[in-house]
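Everything quoted here is computed from the prediction, not taken from an experiment. Atoms within a ligand are numbered from 1 in the order they appear, just like the ligands themselves.
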Amino acid sequence: MSDTDFTGQGVLITGGASGIGWATAAAFAARGARVAIADLKADVAQSRAVELGDGHIGLGGDVADEAACDRIVAATAEAFGRIDVLVNCAGIVDSFAPTVEQSGAAFKRLMDIHVGGSFQMAKRAAVEMIPRKHGVIVNISSIAGALALPRRNAYTAAKHGLIGLTKALACDWAEHRIRVNAVAPGYVDTPFIAGAIEAGRLDPAIIRRRTPMGELLPPSAIADAIIFLASPLAAWVTGATLPVDGGYVAFGAASDAAVIEGG
Ligand SMILES: NC(=O)c1ccc[n+]([C@@H]2O[C@H](COP(=O)([O-])OP(=O)(O)OC[C@H]3O[C@@H](n4cnc5c(N)ncnc54)[C@H](O)[C@@H]3O)[C@@H](O)[C@H]2O)c1
């Protein structure tokens, strides 16, 4: 059996109906796991689960709602009899408004989804994992967990916060052999970014020039890193944040990072 074979394992992915979460769901399903796709969009979560084939489930729920997190974890544990991997992918974009025009409610909502939701899902999933002395949790930070994105205060704070939460949970649960890690993607070609580009808030040409590898990343690149972190190849990796960003946060020169033909 290969190190990245997840046959028989139960995998729960929030935000699994789209983008990085969906690519991750497909990657785990292709490696034999049973996948629960949990998403605010219940209908899309269910049709995505059908797309993956027999044995997978789709669940609706808002990860900012504690009771919904409890329901999602309970339904997954009941369907699969076990939860081996939790991937916290649910997320929303920030307002991009000038800071003095930003609302406290929007700030709180973003923090509640990214940080509060990841905390609540992890806490509830750990109740399933602790007795089995096995489990892997992967949170999704960002280049915004290492660098500031102006006008995206809540997003920057949340993605920095997720790195701290990842370390704290990793240390707390190490004795139970539950590993907690994060990936920190650069700009990934998903509906999340496509929406910001369409709204004129991001310019793909500038992103490509600022990224040493000169491209927006495919969602599968993040899924591959999550597969690695969930696998026995990463058996001694916990509390870590793995940048998967085409070199974005490594680059610090006062110039473009990549020469783009025609860009
Ligand atoms: N795309 C990027 O460039 C990028 C870069 C770094 C980090 N990320 C992070 O990756 C994660 C996934 O982003 P994506 O690009 O795949 O976005 P996406 O918009 O394609 O998918 C996000 C999914 O989360 C779901 N969701 C949103 N709020 C939710 C809630 N309250 N409860 C349950 N589900 C909810 C949405 O319905 C959607 O299906 C996010 O945390 C995002 O911050 C994305």
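For the residue pair N139 / T166, a side-chain donor-acceptor distance below 3.5 Å is found, with atom types taken as modelled. With no hydrogens or angles considered, a side-chain donor-acceptor pair links N153 and T99 at under 3.5 Å.
Here the shortest heavy-atom distance to atom 4 (C) of ligand 1, taken over G186, P219, G145, S142, belongs to G186. Closest heavy-atom approach to atom 8 (N) of ligand 1 within the set Y155, Y187, Y248, W22: this belongs to Y155. Of the candidates A90, C89, G91, the one placing a heavy atom closest to atom 12 (C) of ligand 1 is C89.
At a 4.0 Å heavy-atom cut-off, ligand 1 does not touch L216 at all. Counting heavy atoms closer than 4.0 Å to ligand 1, residue V63 contributes atoms from both its backbone and its side chain. Here R109 has side-chain heavy atoms under 4.0 Å from ligand 1, and that is the only part of it that gets that close. Residue contacts with ligand 1 for L40 involve both N, CA, C or O and side-chain atoms from C-beta outward (heavy atoms, distance under 4.0 Å).
Counting only heavy atoms of the protein, atom 9 (C) of ligand 1 lies nearest to I140 CG2, 3.6 Å. The shortest contact between atom 36 (C) of ligand 1 and any protein heavy atom is with D39 OD1, 3.5 Å. Atom 18 (P) of ligand 1 has S18 OG, 3.5 Å as its closest protein atom, hydrogens excluded (heavy atom only). The protein non-hydrogen atom at the shortest distance from atom 19 (O) of ligand 1 is F192 CB, 3.5 Å. Ranking the protein heavy atoms by distance from atom 1 (N) of ligand 1 puts T190 OG1, 3.1 Å first. For atom 24 (O) of ligand 1, the closest non-hydrogen atom on the protein side is G15 CA, 3.4 Å.
For the atom pair CZ of F251 and CE of M213, the computed distance is 14.5 Å after rounding to the nearest 0.5 Å. Within the model, atoms CZ of R151 and OG1 of T156 stand 13.0 Å from one another, a figure rounded to the nearest 0.5 Å.
Using cut-offs of 30° and 60° on the angle between ring planes, the pair F28 and F6 is perpendicular.
Within ligand 1, the atoms closer than 4.0 Å to a non-hydrogen atom of G61 are 32 (N), 33 (C), numbered from 1 in the order shown. Annotation for ligand 1: atoms under 4.0 Å from non-hydrogen atoms of S141 are 6 (C), 7 (C). Short contacts between ligand 1 and I113, defined as distances under 4.0 Å to a heavy atom of the residue, involve ligand atoms 31 (N). Close contacts between ligand 1 and H114 involve ligand atoms 41 (O), 43 (O) [criterion: under 4.0 Å to a heavy atom]. Of all the atoms in ligand 1, the ones that sit under 4.0 Å from a non-hydrogen atom of I20 are 10 (O), 16 (O), 44 (C). Close approach of ligand 1 to G19 is summarised as follows: ligand atoms under 4.0 Å from at least one heavy atom of the residue are 16 (O), 20 (O). Heavy-atom contacts of K159 reach the following atoms of ligand 1: 9 (C), 41 (O), 42 (C), 43 (O) (cutoff under 4.0 Å).
Between R209 and D256 there is a salt bridge, since at least one side-chain N of the basic residue sits less than 4.0 Å from a carboxylate O of the acidic one. Between D62 and R109 there is a salt bridge, since at least one side-chain N of the basic residue sits less than 4.0 Å from a carboxylate O of the acidic one.
Between H134 and D84, the shortest heavy-atom contact is CD2-OD1, 3.1 Å. The nearest pair of heavy atoms linking P185 to I222 is CB-CD1, 3.6 Å.
No donor-acceptor pair closer than 3.5 Å links the side chain of E128 to the backbone N or O of I83. For T211 (side chain) and G214 (main-chain N/O), no donor-acceptor pair under 3.5 Å exists by modelled atom type. At distances below 3.5 Å, at least one donor-acceptor pair connects side-chain atoms of T14 with backbone N or O atoms of A90.
Below 3.5 Å of separation, one finds no N or O of I193 facing any N or O of ligand 1. Backbone and side-chain nitrogen or oxygen atoms of D62 are examined, and one is located within less than 3.5 angstrom of a nitrogen or oxygen of ligand 1. When only interatomic distances are considered, the shortest N/O to N/O separation between I92 and ligand 1 does not fall below 3.5 Å. Between V188 and ligand 1, a contact under 3.5 Å exists for at least one N or O pair.
Within 6.0 Å of atom CZ in R82, more than 12 heavy atoms from other residues, nucleotides or ligands are found, so the atom counts as buried in its surroundings.
Hydrophobic clustering, with ILVMFWY side chains joined whenever heavy atoms are under 4.5 angstrom apart, keeps V249 apart from L242.
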